[in-house]
Asks: 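Quick one: the structure is below, questions incoming.
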Number of protein chains: 2
Amino acid sequence: MAMRRSALSSGPEKRSPATASKRASTRAQVDQAVRTRLLTGRFIPGKSVTIRGLAADLGVSPMPVREVLQRLSAENVLEVKSNGRVQVPSMTPARFDEVLTARLLLEPELAVLALPSLSAADADALTEIDDDIDVRLSNGDAESYLRLNHAFHFAMYRASGSEVLLPLIDSLWLQFSPFMRTVYGRVGTANLVDQHKAAIAAIRDGNASALRAAIRADIQDGMGLLGREILSSKPPA
Amino acid sequence: MAMRRSALSSGPEKRSPATASKRASTRAQVDQAVRTRLLTGRFIPGKSVTIRGLAADLGVSPMPVREVLQRLSAENVLEVKSNGRVQVPSMTPARFDEVLTARLLLEPELAVLALPSLSAADADALTEIDDDIDVRLSNGDAESYLRLNHAFHFAMYRASGSEVLLPLIDSLWLQFSPFMRTVYGRVGTANLVDQHKAAIAAIRDGNASALRAAIRADIQDGMGLLGREILSSKPPA
DNA sequence: CTTTCCAGAAAGTGATCACATTTTTGCCAA
DNA sequence: TTGGCAAAAATGTGATCACTTTCTGGAAAG
């Protein structure tokens with residue numbers, strides 16, 4: 001294996017004991033790094049994640065990693081096996097159906113709740129993200145698609161100022177993203193469709209029912225159709 | 001303050017270093033203990049929870065407590081202030097509305113998903129819990145009511161074998177239970193109504209739409225009416 | 001060539017320490 | 001009595017160690 005030092009922070013490695021330093025705890029950095037990896041599918045379902053291994057990978061001590069893995073386990077994002085080992089859970093048909101159900105129940109609702117707070121400027125920002133998505137899709141860049149699709153949805157959702165629904169949806173995305181990455185890697189991204197433009201139009205019109213329908217359809221298009229099919233063929237995943 | 005040693009495990013206190021001992025990790029025990037306290041309202045909203053303090057209270061070392069607090073923070077159950085201190089969050093009107101919305105979206109759905117797995121024996125068990133609830137309500141025993149109401153709902157939900165929706169709902173209950181305890185303590189439990197009997201009837205009939213309606217109404221009755229009113233009068237809570 | 005078993009490595013868990021920061025307390029002066 | 005200020009206590013965070021359990025790989029036996 002090639003030399004890889006400190007996937008976290010490219011700066012000079014000074015870390016005196018217990019130096020909370022620059023107002024960003026090491027745990028928060030590790031947490032962000034792991035979440036990003038999950039959301040962009042850089043953690044494959046079934047992959048086992050070890051404290052010391054990830055700590056070495058990120059160039060930090062085991063303690064912050066240990067706490068982050070606890071957090072993600074509690075969020076139902078990582079799975080703790082009976083022997084204590086932690087891994088990215090494999091997707092099952094039952095699990096997939098539940099995630100889809102939960103998304104369809106929660107996300108259209110939160111989008112509608114966010115609607116009053118979404119300005120024309122927000123709609124412009126969403127359009128910019130969506131244009132970027134179109135480019136990535138045609139290029140087959142699955143990882144960037146995942147990242148931007150997440151950015152699109154959460155730019156909407158965050159506008160709601162939600163304190164309860166948003167964390168729930170956050171957990172859901174962390175749960176399905178690793179699996180969807182494998183799906184997109186298998187079937188490609190070229191024929192992926194979404195309802196982002198319909199959603200943006202609904203936002204500009206301030207049309208709640210249209211926005212609800214768009215988000216619902218978007219989830220079905222991006223996740224429902226493909227994933228269900230994949231799971232029928234390959235058992236665990 | 002009176003002497004209080006080890007609220008956890010009344011047995012002889014032997015704990016050699018790193019003895020995973022009797023197949024129940026200390027962390028799991030602490031986790032269960034804290035969750036029970038939250039669900040029965042023994043943690044008051046606004047109460048600050050410290051690692052060392054809780055560890056001393058439970059008679060364990062700080063490490064397991066530290067991990068449990070991380071888990072509950074990640075689940076949006078405990079709040080981490082900007083200074084790192086952890087506390088049971090105060091309920092706000094916005095937060096309350098969101099919890100109620102999320103409950104109404106998720107719980108009726110999961111109940112219906114559980115319906116096919118609910119046998120006549122399960123209905124009998126639910127009836128037994130509900131009878132117990134009636135006794136506690138007339139006695140004004142708010143803490144037992146919280147515990148049994150939780151038991152009633154989750155006896156249903158668990159039958160679904162859910163891996164995704166159930167953890168989400170779990171998080172919601174941990175979020176609103178401390179607040180509801182203060183509500184019941186203020187208005188009493190005598191005039192509390194629920195739809196448990198309607199739910200049990202729907203289960204015995206295998207009637208999905210009736211069950212969905214019963215759960216929805218039960219949530220409105222037990223939480224919606226009272227809580228909204230209380231929040232109008234006292235600001236934080 | 002396959003199976004069994006044992007030694008070494010790897011991994012999670014709990015304990016303890018050190019340190020920076022924040023909070024609390026108690027005292028002194030106005 | 002009250003206001004502020006400094007000392008002390010409390011708290012979260014990171015690091016490190018010890019120990020148990022589990023996993024892995026290879027050697028020996030069939």
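Hydrogens, waters and symmetry mates play no part in the numbers below; they use all other heavy atoms, side chains included. Values in this document were obtained by computation on a predicted structure and should not be read as measured data. Order of the sequence lines fixes the chain letters, A, B, ..., with proteins taken first and strands second; residue numbering starts at 1 for each chain.
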Asks: In this structure, how many angstroms lie between the P atom of C/dG12 and the CG atom of A/L54, rounded?
Replies: 10 Å
Asks: Kindly write out the residues that satisfy side-chain contact (heavy atoms from CB on, under 4.5 Å) with B/S117, not counting sequence neighbours, or none if the list is empty.
Replies: B/A159
Asks: Which comes earlier along DNA chain D counting from the 5' end, the contact point of A/R52 or that of B/R52, where each point is its nearest nucleotide?
Replies: B/R52
Asks: Under the salt bridge (Lys or Arg N to Asp or Glu O under 4.0 Å) rule, collect the residues that match up with A/R35, sequence neighbours excluded.
Replies: A/D31, A/E75
Asks: When you compare the side chain of B/V49 with that of B/L72, does any pair of heavy atoms fall below 4.5 Å?
Replies: no
Asks: Who are the salt bridge (Lys or Arg N to Asp or Glu O under 4.0 Å) partners of B/E98, not counting sequence neighbours?
Replies: none
Asks: Can you name the salt bridge (Lys or Arg N to Asp or Glu O under 4.0 Å) partners of B/R147, sequence neighbours left out?
Replies: none
Asks: Give me the residues of residues 76-88 of chain B where at least one heavy atom lies under 4.0 Å from an atom of DNA chain C, by number, or none.
Replies: B/N83, B/R85
Asks: Tell me: CD1 of A/I51 to P of D/dG14, nearest whole Å?
Replies: 14 Å
Asks: What residues, two or more places apart in sequence or in another chain, satisfy ring pair (Phe, Tyr, Trp, His ring centres under 6.0 Å) together with A/Y157?
Replies: A/H153, A/F154
Asks: Which residues pass the salt bridge (Lys or Arg N to Asp or Glu O under 4.0 Å) test with B/E109, sequence neighbours left out?
Replies: B/R212
Asks: So, OP1 or OP2 of D/dT13: does either fall under 4.0 Å of a side-chain N or O from A/S25?
Replies: no
Asks: Could you note down all residue pairs passing side chain to side chain donor-acceptor pair (under 3.5 Å) where residues 38-55 of chain A supplies at least one of them, sequence neighbours left out?
Replies: none
Asks: Of all of residues 63-71 of chain A, which get a heavy atom below 4.0 angstrom from DNA chain D, listed by number?
Replies: A/M63, A/P64
Asks: Between D/dT11, D/dG14, C/dT13, which one does the side chain of B/T50 approach most closely?
Replies: D/dT11
